[in-house]
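Below: one structure, written as structure tokens.
Computed over heavy atoms, backbone and side chain alike; hydrogens, waters and symmetry mates excluded.
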Amino acid sequence: MRTADLTGLPTGIPEALRDEGIEELYPPQAEAVEAGLTDGESLVAAVPTASGKTLIAELAMLSSVARGGKALYIVPLRALASEKKAEFERWEEYGIDVGVSTGNYESDGEWLSSRDIIVATSEKVDSLVRNNAAWMDQLTCVVADEVHLVDDRHRGPTLEVTLAKLRRLNPNLQVVALSATVGNAGVVADWLDAELVKSDWRPIDLKMGVHYGNAVSFADGSQREVPVGRGERQTPALVADALEGDGEGDQGSSLVFVNSRRNAESAARRMADVTERYVTGDERSDLAELAAEIRDVSDTETSEDLANAVAKGAAFHHAGLAAEHRTLVEDAFRDRLIKCICATPTLAAGVNTPSRRVVVRDWQRYDGDYGGMKPLDVLEVHQMMGRAGRPGLDPYGEAVLLAKDADARDELFERYIWADAEDVRSKLAAEPALRTHLLATVASGFAHTREGLLEFLDQTLYATQTDDPERLGQVTDRVLDYLEVNGFVEFEGETIRATPVGHTVSRLYLDPMSAAEIIDGLEWAADHRNEKLRALADETPEKPKRDRSESDDGPGGFQRASEMVAAGGEGGDGADGGDGDADEFETDRTYPTPLGLYHLVCRTPDMYQLYLKSGDRETYTELCYEREPEFLGRVPSEYEDVAFEDWLSALKTAKLLEDWVGEVDEDRITERYGVGPGDIRGKVETAEWLLGAAERLASELDLDSVYAVREAKKRVEYGVREELLDLAGVRGVGRKRARRLFEAGVESRADLREADKSRILAALRGRRKTAQNILEAAGRKDPSMDEVDEDDAPDDAVPDDAGFETAKERADQQASLGDFE
DNA sequence: TAGAAGGGTATCTAGACAGCATGTC
DNA sequence: CTAGATACCCTTCTA
């Protein structure tokens, strides 16, 4: 089918497609159009990655808009939201407005109802439904990208319920579900009352094979010799071989999938020695530049290691990287500057990074519940292999698994190459999922009775798949019971209603169990305030340094961290709320303390906690006793409670946050907790969200901890001690600059407006441009930094780098960390 | 005698969504 | 029921 023959699209679109070089539709696309895609017909397209799924979605959305409608594109990842937005924006010149809405990004702040196409994550859509977004019932077309993710234990149910809600809100809604090739696409299509287009067609051929001995055997019967010398490994040989090329197409990049971050990093280190040999002179300087940019992103070991690999043309990629790291690496790989990426599964599900060759090195991954190495799902391996083949560059893509012996080779062929992907199975009946979604369903008025709930659930994929119709009813009863006991819903005869708190919890997008934990903790704090403050006061007066803290363990190190920064104006703000009450205990400590609050939100099921590594158990058990008065709620017993372990993990996570707001350097945090820069950002982000929710709940329940919660939250947001909150709120001023300014005597936003410019310039290490931007952001009348000389600054403006680690100090700290064990 | 090579062992393990409300003299 | 790569340390061998 020719694009020129397409009907029902906004004027100009078929021509625009032709100008893009798309004259003929790919077979699956044509099939979709024949099935009524552009006439508003619902459709499930189960086709391989990179076979033109996006155009299928675009045709549906554009034709829907042409009929005066509005389309929603649901993505599984925030990174994909921006990618899709950028893609759809090429239709803007034909009058199509595109908007994005995710947790951390809302386009322009322009209200979404004016947009024709909206891109959002499934959670965001769910949240918008819960909050009654005005434009929800104007939707005429919904695209669900990667719909096979309904199978995901954690996030699948959200997508499933959201689609069910959208369909109920608008019975004529066109649903276009894009799926990887899965076993039971037909079942998904039945669920959505949609036509099914299923195909294995790919625009670029994919050759799948297994490397064993000195050759890759491909599924099509062909072989490619890739000798592996004695003592040499398979992966570098394959990467080098791809770079050698064979005259066909371009020099070949490789994507290597491994099963852990550490493996990704060490593999990248090894691959760098291979890629280095193929880097041209021009590329070398570009790579050096890129490496510098990467070092600039964050001052951590991860960043340094990545930069070192990148300088030689290789990289690693995993969730421990900062978002900027990832983008830099992905872009450079697409530009063919980076020749090889060693990645964990992040990359298989993320943005589009095609490669000439894909090597799936590890096809098993550790799984604690399983009790060992568990083989990856066929679907997952197929997703990785599907990344092979760069359009316009490669004649075909090659995806290679590695085998050590002939048996393994045969097994891999059997298990992954000849095999069909697993069936998609709904995970909705899991209690945690229903807890959240039943409350939301009641709160946003989709159902008011048990019967109504079950009727609603009957529209989900789960209902069409289960062979045990009783089960859903049982779990529903248990969940309703839980929600009632915790005061989120109440019964009045047959009718179920969400309580005011229940409504809030639903709108805040909290797991009810998280909300219950937070409420319990805050109420407990209100009840024990005086007693705990007294305990804290008894301990605080310059507790003589216990001999132990000098040399031995973690908590000792933690203490040091807080001494790093010159103590600012502690106190002064008074305790929260009701001073003046005769019964109140007099102290200048706030209660609850930040650590108490961080621990509270960290032990919530909405926070993904850090692992306890060896030695951590003792470290944090000790910390647990030391800080006992700060925890909100009963501390489980070290000996009797199985929950103790989880409590400690939460403590470790909370401690990370405390370090963060104690202005401990990023590289020390990554080192101390064994995490990457990306993990810090992640923890901080969820803590921000949960503390925001806690603040809201506290104010709604009229608890006087609101103030303490708000401050703890703001400090997490900026990563600073309290005396810097004002400064750090200025655009362009982060935790580092705020500290420098403060130490130079510029202590507030007002100071920024009035202080001597040379003083400010000196504090910012003479960076004129940034200084000027900051002054503008602070609202200074004459922000210009021209003709200001930092050397004019008074001596006290450039102190002895107080509050900063000197190289010596850092070395000492590292030494003491070595003593740990 | 430095350094390679080999062997035993302790350690550790993928990913990532969400609220709210706006700012300044 | 069901792990395996790596880093690190120690010992031994070798030029």
Practice prompt. Write down the distance separating the C1' atoms in dT2(C) and dG19(B), rounded off to the nearest Å.
Written response: 42 Å
Discussion item. Nearest whole Å is fine: how far is dA14(B) C1' from His154(A) NE2?
Written reply: 11 Å
Worksheet, complete the sentence: In whole angstroms, the gap separating P of dA16(B) from CG of Leu80(A) amounts to 10 Å
Worksheet item: Which part of the nucleic acid does Asp362(A) contact within heavy-atom distance under 4.0 Å: base, sugar-phosphate only, or nothing?
Response: nothing
Worksheet item: With no hydrogens and no angle check, do the side chains of Asp126(A) and Tyr509(A) hold a donor and an acceptor under 3.5 Å apart?
Response: yes
Worksheet item: Of all residues at least two apart in sequence or in a different chain, which pass the salt bridge (charged side-chain N to carboxylate O under 4.0 Å, His left out) check with Glu411(A)?
Response: Arg415(A)
Worksheet item: Expressed as a whole number of Å, how far does the P atom of dA3(C) sit from that of dA16(B)?
Response: 28 Å
Practice prompt. Taking atom C1' in both dC1(C) and dA18(B), compute the distance separating them and give it to the nearest angstrom.
Written response: 38 Å
Worksheet entry | Rounded distance (Å) that lies between atom P of dA14(B) and atom NE2 of His317(A) | 15 Å
Worksheet item: Could you state the CG-C1' distance from Leu321(A) to dA14(B), rounded to the nearest angstrom?
Response: 13 Å
Worksheet item: So what's dG23(B) paired with, Watson-Crick or G-U wobble, going by both distances under 3.5 Å?
Response: none
Worksheet item: How about Tyr73(A) and Asp145(A): does a side-chain donor come under 3.5 Å of a side-chain acceptor?
Response: yes
Response to the item:
Note: for Tyr370(A) and Ser266(A) on DNA chain C, the residue whose nearest nucleotide lies more 5' is Tyr370(A)
Item to complete: May I have the distance from His325(A) (atom NE2) to dG15(B) (atom C1'), rounded to whole angstrom?
Response: 18 Å
Discussion item. Both atom distances under 3.5 Å, Watson-Crick or G-U wobble: I'd like the secondary structure of DNA chain C as a dot-bracket string, with | for pairs made across strands.
Written reply: ..|||||||||||||
Worksheet item: Using a cut-off of 4.0 Å on non-hydrogen atoms, how would the nucleic acid contact of Arg233(A) be classed: base, sugar-phosphate, or nothing?
Response: sugar-phosphate
Item to complete: Look at all strands and tell whether Arg361(A) reaches a base, only sugar-phosphate, or nothing, counting heavy atoms closer than 4.0 Å.
Response: sugar-phosphate
Item to complete: Could you tell me which residues satisfy salt bridge (charged side-chain N to carboxylate O under 4.0 Å, His left out) with Arg409(A), sequence neighbours excluded, listed by chain and number?
Response: none
Discussion item. Looking at Thr344(A), I'd like to know whether one of its side-chain N or O atoms comes within less than 4.0 Å of OP1 or OP2 on dG15(B).
Written reply: yes
Discussion item. Do the side chains of Glu685(A) and Arg78(A) get close enough for a salt bridge, i.e. N-O under 4.0 angstrom?
Written reply: yes
Discussion item. Using a heavy-atom cut-off of 4.0 Å across all strands, would you classify His318(A) as base, sugar-phosphate, or nothing?
Written reply: sugar-phosphate
Fill in: Nearest heavy-atom neighbours spanning Cys340(A) and Val256(A)
SG-CG2, 4.1 Å
Worksheet entry | Single hit among Leu128(A), Val142(A), Val125(A) for side chain to side chain contact (heavy atoms under 4.5 Å, CB included) with Thr162(A) | Val125(A)
Item to complete: Please check if any side-chain donor atom of Ser784(A) sits under 3.5 Å from a side-chain acceptor atom of Asp782(A), or the reverse.
Response: no
Item to complete: Measure the distance from NZ on Lys683(A) to C1' on dA16(B) and round it to the nearest whole Å.
Response: 9 Å
Worksheet, complete the sentence: Atom CD of Gln609(A) and atom C1' of dG15(B) are separated, to the nearest Å, by 16 Å
Item to complete: Working to the nearest 0.5 Å, report the span between CG of Leu72(A) and CE of Met136(A).
Response: 6.0 Å
Worksheet item: Is Arg269(A) touching bases, backbone alone, or none of the nucleic acid, heavy atoms closer than 4.0 Å?
Response: sugar-phosphate
Worksheet entry | Value rounded to 0.5 Å, distance of CG in Asp362(A) from CG in Leu402(A) | 8.5 Å
Worksheet, complete the sentence: In this structure, CG of Leu77(A) is separated from OG1 of Thr102(A) (nearest 0.5 Å) by 11.0 Å
Worksheet entry | Pair partner, dA16(B) [Watson-Crick or wobble, under 3.5 Å] | none
Item to complete: Take nucleotides 17-25 of chain B nucleotide by nucleotide from the 5' end and write B, S or -, depending on whether a protein heavy atom sits under 4.0 Å from the base, only from the sugar-phosphate, or from neither.
Response: BBBS----S
Worksheet, complete the sentence: So the contacted stretch of DNA chain C, first to last nucleotide with an atom under 4.0 Å from a non-hydrogen atom of chain A, runs from dT2(C) to dA7(C)
Practice prompt. Mind calculating the distance between CG (Asp377(A)) and P (dG15(B)) to the nearest angstrom?
Written response: 16 Å
Response to the item:
By ring-ring contact (aromatic ring centres under 6.0 Å, His included), His317(A) pairs with (sequence neighbours left out) none
Response to the item:
Only one of Leu412(A), Val360(A), Val358(A), Leu238(A) passes side chain to side chain contact (heavy atoms under 4.5 Å, CB included) with Val400(A), and that residue is Leu238(A)
Practice prompt. Look at all strands and tell whether Arg270(A) reaches a base, only sugar-phosphate, or nothing, counting heavy atoms closer than 4.0 Å.
Written response: sugar-phosphate
